[in-house]
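Shown next, in structure tokens, is the structure this report addresses.
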Amino acid sequence: MTTLPAGPFLLWGMGATNRAVAAALAERGGDVIAIDDAPSAHCLEASAAMGVPLRAAPDDDESLAALMRRCGAFLPTPGLPERHRAIRAAARAGTATMSEFDLAALWDDRPVVAITGTNGKTTVTTLVAAALAPTTAAVAAGNNELPLVSAIADPAPALFVVEASSFRLGRSRSFRPCVAAWLNFAADHLDIHASVESYAEAKATIWRNLGSGQVAVVNEADPVVRARRPAAGRTVTFGTPGSDVAAVGGTLRACGEAVIDIAEMPRRFPHDLLNAAAAAACALAAGTPLEDLRAALAGFGGLPHRLELVAETAANRWYNDSKATTPSAALAAASAFDSVVLIAGGRNKGLDLSCLAAAPSVRAVVAVGESAAEVSSVFAGRAPVVRAEDMGAAVAAAGELALAGDAVLLAPGCASFDSYDSYRQRGEHFAAVVRASLGGERR
């Protein structure tokens, strides 16, 4: 794609990303039609301020089809479900579907390091940006507070490190990173994607346009990722002891060269080592010096709400992993410890929670939220289970269940939206309740 499509751009859903898209299009003279199924007051105000008033969605299929045929491109908000009537209408009308990544690629040719995966995207994106920062003006963008279409407005960055969600990738056509990493795959977002296979295909889009000059970073240990490794481009692997980048004998090594002693890394749970290996592969492929990569890994203490130690007593440590919104993420967190009292539950995203029982370290469980009955069923006969009405009751129950040496872990395996606005709010509430309950015995 080298030119803007003819005709208006139809933006459906005016959350943060599409507001950024609307602003970028307006700056470049694009004709924008904006629709939102349930616009908030903030969306209405922001759209009006940009001179892009929100329109009501057509009530009938014929009017919607006519609108789609009139538009040159359709840009759904990243979280618009694949089964949504507008998605189906665009497909029937043959209207080109695009993402903010496509627009950024159209307007800007600076290199991009892109990172996707069910788990670990933000951590690896943060590490790669930190490793590149001393020698390259790198900016993290994408599935965070800075959409890529906004980031490219700044002429200062020499490179963008992009956290690439399946929502954006699945609707991208011309996105072509210079380095593209797929970290892992597990079922997720089945409230948005039509199937697990559709979700996997969206992830695989990160490698769709790679050529001989690009690098694919591949998790050799993940069968879904490994099966979709691209034929074009150079491949750098991680995930197994024999991979190009791997933890071997107490040292993280890249292509046989020592990167850092693992003992020097503040974060070194098993999944932390995989994240570090992936970040090392990306950063080195993007040209960062080894000493800068080493400094980034040695200085990284983790991100909030990701196995975050929030309190400690003589008997127990309490961890907040509220970002573990999938069963696979919760399983990885629980597997990092020898003995765990697990607090799990929330709003299930259409996922099978049964894999939670695969963690042998889970000694007792507190089930909470909308999915408390599902969580209880998963662990029935495997571990003691207590159901709690809210976070306060969950923390109290976990404290009563905990034995000396147990880690008490909030790893919900579910979204937060049954009781909270975000996983961040949930994690902050958990940490506050824990610290208040421990009184003077706190970290």
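Everything numeric here is computed off the predicted structure, so don't read it as measured data. All residue numbers refer to positions in the sequence shown, counting from 1.
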Could you tell me if [Y] and [X] have a donor-acceptor pair between their side chains, going purely by distance under 3.5 Å?
X: Thr17; Y: Arg168; answer: yes
X: Arg426; Y: Ser322; answer: yes
X: Lys203; Y: Ser166; answer: no
X: Ser328; Y: Asn119; answer: yes
X: Asp37; Y: Trp12; answer: yes

With the threshold set at 4.0 Å, does a side-chain nitrogen-carboxylate oxygen contact exist between [X] and [Y]?
X: Asp188; Y: Lys349; answer: yes
X: Lys323; Y: Glu308; answer: no
X: Arg229; Y: Glu220; answer: yes

Tell me which one of Leu293, Leu273, Leu297 satisfies side chain to side chain contact (heavy atoms under 4.5 Å, CB included) with Leu252.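 Looking at Leu293, Leu273, Leu297, the match for Leu252 under the side chain to side chain contact (heavy atoms under 4.5 Å, CB included) is Leu297.
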Parallel, tilted or perpendicular: which describes the rings of His193 and Tyr199, with under 30° parallel and over 60° perpendicular?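 Taking Tyr199 first and then His193, their aromatic rings sit tilted (interplane angle of 30° to 60°).
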Test Glu201 against Arg228 for salt bridge (Lys or Arg N to Asp or Glu O under 4.0 Å), laying out the working first. CA-CA 9 Å; Glu201 288 305 312; Arg228 287 168 169 80; 3.2 Å; yes
Can you tell me if Glu27 uses its side chain to pair, donor with acceptor, with the backbone of Ala24 under 3.5 Å?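 No, because the side chain of Glu27 does not come within donor-acceptor range (under 3.5 Å) of the backbone of Ala24.
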Centroid separation Phe74 to Phe9 less than 6.0 Å: no
Pairs flagged by side chain to side chain donor-acceptor pair (under 3.5 Å) wherever residues 126-138 is involved - sequence neighbours left out: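 Qualifying pairs: none.
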Which pairs of donor and acceptor atoms, one on a side chain in residues 369-379, lie under 3.5 Å apart (sequence neighbours left out)?
| unit_1 | atom_1 | unit_2 | atom_2 | d |
| --- | --- | --- | --- | --- |
| Glu370 | OE1 | Arg347 | NE | 3.1 |
| Glu370 | OE2 | Arg347 | NE | 3.3 |
| Glu370 | OE2 | Arg347 | NH2 | 2.6 |
| Ser371 | OG | Gly346 | N | 3.0 |
| Ser371 | OG | Gly346 | O | 3.0 |
| Glu374 | OE1 | Asn348 | ND2 | 3.0 |
| Ser376 | OG | Ala372 | O | 2.9 |

